[in-house]
A.B. asks: 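A single structure is presented below for examination.
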Amino acid sequence: MGNQVLEVISKRRSVRKYKPEQVSEEKLSLILEAGRFAPSGGNNQTSHFIVIQNRETLQELKLLVEKEFAKMEIKKNTYKSIKNSILASKKGGYDFTYNAPTLIVVANQRGYGNAIADCSVALENMMLEATSLDIGSCWINQLHWLDDNESINEYMMKLGLANNETICGGLALGYSQISDMAPLARTGNTVTYIK
Ligand SMILES: Cc1cc2nc3c(=O)[nH]c(=O)nc-3n(C[C@H](O)[C@H](O)[C@H](O)COP(=O)(O)O)c2cc1C
């Protein structure tokens, strides 16, 4: 790779097997700083990072997510990842966080047109900083998919989600159980040049 940034970008992989060891406060604060330093539309800076490390809270949230997905019906046009979450929840034992010791929920203002975009750049910044610190990460979208679910919303409000906020995404963080994951080839993501 040509430079350090591309090196970190290509090293980042979605980690779905974590060691129980918690991410240190020092590393966590660097990761959050990377998220907070992300650009935002109109320099809005309205992304909200809810960091969950409490084991009981994570467990309650997992069970609630499983319960709510298990109630859902699979329709013809249900997105494949949501379908997988529904099927896994109906089967039981579904853990949308992959047992990561830290989950960061990223929210933004409801009705703000750049909510998802702002949170996405923050999420990528955090994943890259995590990679550079040898911390594994994985984008976690289940709480975004369940954003209009009353029980999830109520629970997240207890954790600090504001009344006017929407959940845009999430991030699992922890030490990876798998060392040296090779980069995944990109066969899509077309580039069109006009010269
Ligand atoms: C918008 C978005 C949502 C994603 N949601 C999830 C998710 O909910 N659970 C998960 O395990 N991975 C999720 N991923 C990770 C992708 O599956 C992963 O990035 C892709 O398979 C490529 O693998 P890599 O990240 O290891 O390069 C998501 C990624 C993005 C960008």
A.B. asks: Output, in order, the C-alpha distance, side-chain angles, deciding distance and verdict of side-chain contact (heavy atoms from CB on, under 4.5 Å) for Glu124 and Val121.
C.D. replies: CA-CA 5 Å; Glu124 177 69 356; Val121 282; 5.8 Å; no
A.B. asks: Is there a chain of hydrophobic side chains (I, L, V, M, F, W, Y, each step under 4.5 Å between heavy atoms) that links Leu146 to Ile116?
C.D. replies: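 No, no single cluster joins them.
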A.B. asks: Are side-chain heavy atoms of Gln59 and Leu63 found at a separation under 4.5 Å?
C.D. replies: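 Contact flag for Gln59/Leu63 side chains = yes.
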A.B. asks: Once you round to the nearest 0.5 Å, how far does CG of Leu143 lie from CD of Glu68?
C.D. replies: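 It comes to 11.5 Å.
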A.B. asks: Can you see which heavy atom on Asn125 is nearest to which on Ala38, and at what distance?
C.D. replies: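 Shortest heavy-atom separation between Asn125 and Ala38 comes out as ND2-CA, 3.4 Å.
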A.B. asks: For the atom pair NZ (Lys67) and NZ (Lys71), what is the distance rounded to the nearest 0.5 Å?
C.D. replies: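 If I round to the nearest 0.5 Å, the distance is 5.0 Å.
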A.B. asks: Would Val8 and Met181 show up in the same hydrophobic cluster when neighbours are defined by side-chain heavy atoms closer than 4.5 Å?
C.D. replies: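 No, Val8 does not connect to Met181 through the hydrophobic network.
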A.B. asks: Restricting to non-hydrogen atoms, name the atom on Leu58 and the atom on Ala100 that form the minimum distance, rounded to 0.1 Å.
C.D. replies: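 The answer is CD1-O, 3.9 Å.
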A.B. asks: Just by distance, do the side chain of Asp95 and the backbone of Thr97 share a donor-acceptor pair under 3.5 Å?
C.D. replies: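 At least one qualifying donor-acceptor pair exists.
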A.B. asks: How far does CD of Glu154 sit from CG of Leu161, to the nearest 0.5 angstrom?
C.D. replies: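 Rounded to the nearest 0.5 Å, the CD-CG separation comes out at 12.0 Å.
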A.B. asks: Does the Lys90 side chain pair with the main chain of Ala70, one donor and one acceptor, at a distance under 3.5 Å?
C.D. replies: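 Here the side-chain-to-backbone pair exists.
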A.B. asks: Does the side-chain contact (heavy atoms from CB on, under 4.5 Å) test come out yes or no for Tyr98 and Ile140, once each step is laid out?
C.D. replies: CA-CA 9 Å; Tyr98 305 110; Ile140 298 290; 3.7 Å; yes
A.B. asks: Say whether, by atom type as modelled, one donor and one acceptor occur between the side chain of Asn149 and the main chain of Ile152 under 3.5 angstrom.
C.D. replies: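 Yes, Asn149 side chain to Ile152 backbone: donor-acceptor pair under 3.5 Å.
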A.B. asks: Can you measure from SG (Cys138) to CZ (Arg12) and round to the nearest 0.5 angstrom?
C.D. replies: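 If we round to the nearest 0.5 Å, Cys138:SG and Arg12:CZ are 8.5 Å apart.
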A.B. asks: What's the verdict on side-chain contact (heavy atoms from CB on, under 4.5 Å) for Phe96 and Ser85, showing C-alpha distance, side-chain angles and the deciding distance?
C.D. replies: CA-CA 8 Å; Phe96 77 105; Ser85 293; over 6 Å; no
A.B. asks: Any idea which heavy atoms bring Ala172 and Leu103 closest together, and the distance?
C.D. replies: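 Closest approach of Ala172 to Leu103: N-CD1, 4.2 Å.
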A.B. asks: Report yes or no: do Tyr18 and Ser176 form a side-chain donor-acceptor pair below 3.5 Å?
C.D. replies: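 Per modelled atom types, Tyr18 and Ser176 side chains form no pair under 3.5 Å.
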A.B. asks: Working to the nearest 0.5 Å, report the span between CD1 of Ile52 and CD of Glu60.
C.D. replies: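 Going from the CD1 atom of Ile52 to the CD atom of Glu60 covers 10.5 Å.
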A.B. asks: Test your reading of the model: is there a side-chain donor-acceptor pair from Asn141 to the backbone of His144, 3.5 Å cut-off?
C.D. replies: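 A pair under 3.5 Å: no.
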A.B. asks: Under 3.5 Å, side chain of Gln53 to main-chain N/O of Pro101, donor-acceptor pair present?
C.D. replies: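 Judged by distance alone, no pair lies under 3.5 Å.
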A.B. asks: Given a cutoff of under 4.5 Å between side-chain heavy atoms of I, L, V, M, F, W and Y, with clusters grown through shared members, what are the other residues clustered with Trp139?
C.D. replies: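 Listed partners: Val23, Leu28, Leu30, Ile31, Leu32, Phe49, Val51, Ile104, Val106, Leu123, Met126, Met127, Leu133, Ile135, Leu171, Leu173, Tyr175.
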A.B. asks: Under a 3.5 Å distance rule, please check whether Glu66 uses its side chain to pair with a backbone N or O of Gly93 as donor and acceptor.
C.D. replies: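 Between the backbone of Gly93 and the side chain of Glu66 there is a qualifying donor-acceptor contact (under 3.5 Å).
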A.B. asks: Using 0.5 Å steps for rounding, measure from the CG atom of Asn44 to the OH atom of Tyr112.
C.D. replies: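 Reported value, rounded in 0.5 Å steps: 4.0 Å.
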A.B. asks: If you apply the rule side-chain contact (heavy atoms from CB on, under 4.5 Å), what do you find for Leu87 with Phe69, and how did you get there?
C.D. replies: CA-CA 8 Å; Leu87 288 173; Phe69 269 123; over 6 Å; no
A.B. asks: Identify the heavy atoms of Cys119 and Ser47 that sit nearest to each other, and give their distance.
C.D. replies: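 Residues Cys119 and Ser47, closest heavy atoms: SG-OG, 3.9 Å.
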A.B. asks: Could you check whether Asp147 and Thr166, counting side-chain N and O atoms only, form a donor-acceptor pair closer than 3.5 Å?
C.D. replies: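 On atom types as modelled, these side chains qualify, holding a pair under 3.5 Å.
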A.B. asks: Does the side chain of Lys75 come within less than 4.5 Å of Thr78's, by heavy atoms?
C.D. replies: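 Answer yes - side chains close enough.
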A.B. asks: Would you kindly say whether Glu165 and Gln109 are connected by a side-chain donor-acceptor distance under 3.5 Å?
C.D. replies: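 Judged by distance alone, the side chains do not pair up.
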A.B. asks: Apply salt bridge (charged side-chain N to carboxylate O under 4.0 Å, His left out) to Lys11 and Asp134, showing your working.
C.D. replies: CA-CA 10 Å; Lys11 208 176 142 203; Asp134 278 325; 3.5 Å; yes
A.B. asks: Distance-only, no hydrogens or angles: does the Ser40 side chain make a donor-acceptor pair with backbone N or O of Gln45 under 3.5 Å?
C.D. replies: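 Side chain of Ser40 to backbone of Gln45: a pair is present.
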A.B. asks: With no hydrogens and no angle check, just 3.5 Å: does a side-chain donor-acceptor pair link Lys62 and Asn99?
C.D. replies: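 The answer is yes; a qualifying pair exists.
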A.B. asks: Can a donor-acceptor pair be found between the side chains of Tyr94 and Gln142 at a distance below 3.5 Å?
C.D. replies: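 Their side chains do contain a donor-acceptor pair, which is all the 3.5 Å distance test asks for.
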A.B. asks: Looking only at atom types and distance, does a side-chain atom of His48 sit under 3.5 Å from a main-chain N or O of Ala107, one as donor and one as acceptor?
C.D. replies: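 Between the backbone of Ala107 and the side chain of His48 there is no qualifying donor-acceptor contact (under 3.5 Å).
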A.B. asks: Under the salt bridge (Lys or Arg N to Asp or Glu O under 4.0 Å) test, which residues partner Lys27, sequence neighbours left out?
C.D. replies: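 Per chain and number, Lys27 pairs via salt bridge (Lys or Arg N to Asp or Glu O under 4.0 Å) with no residue.
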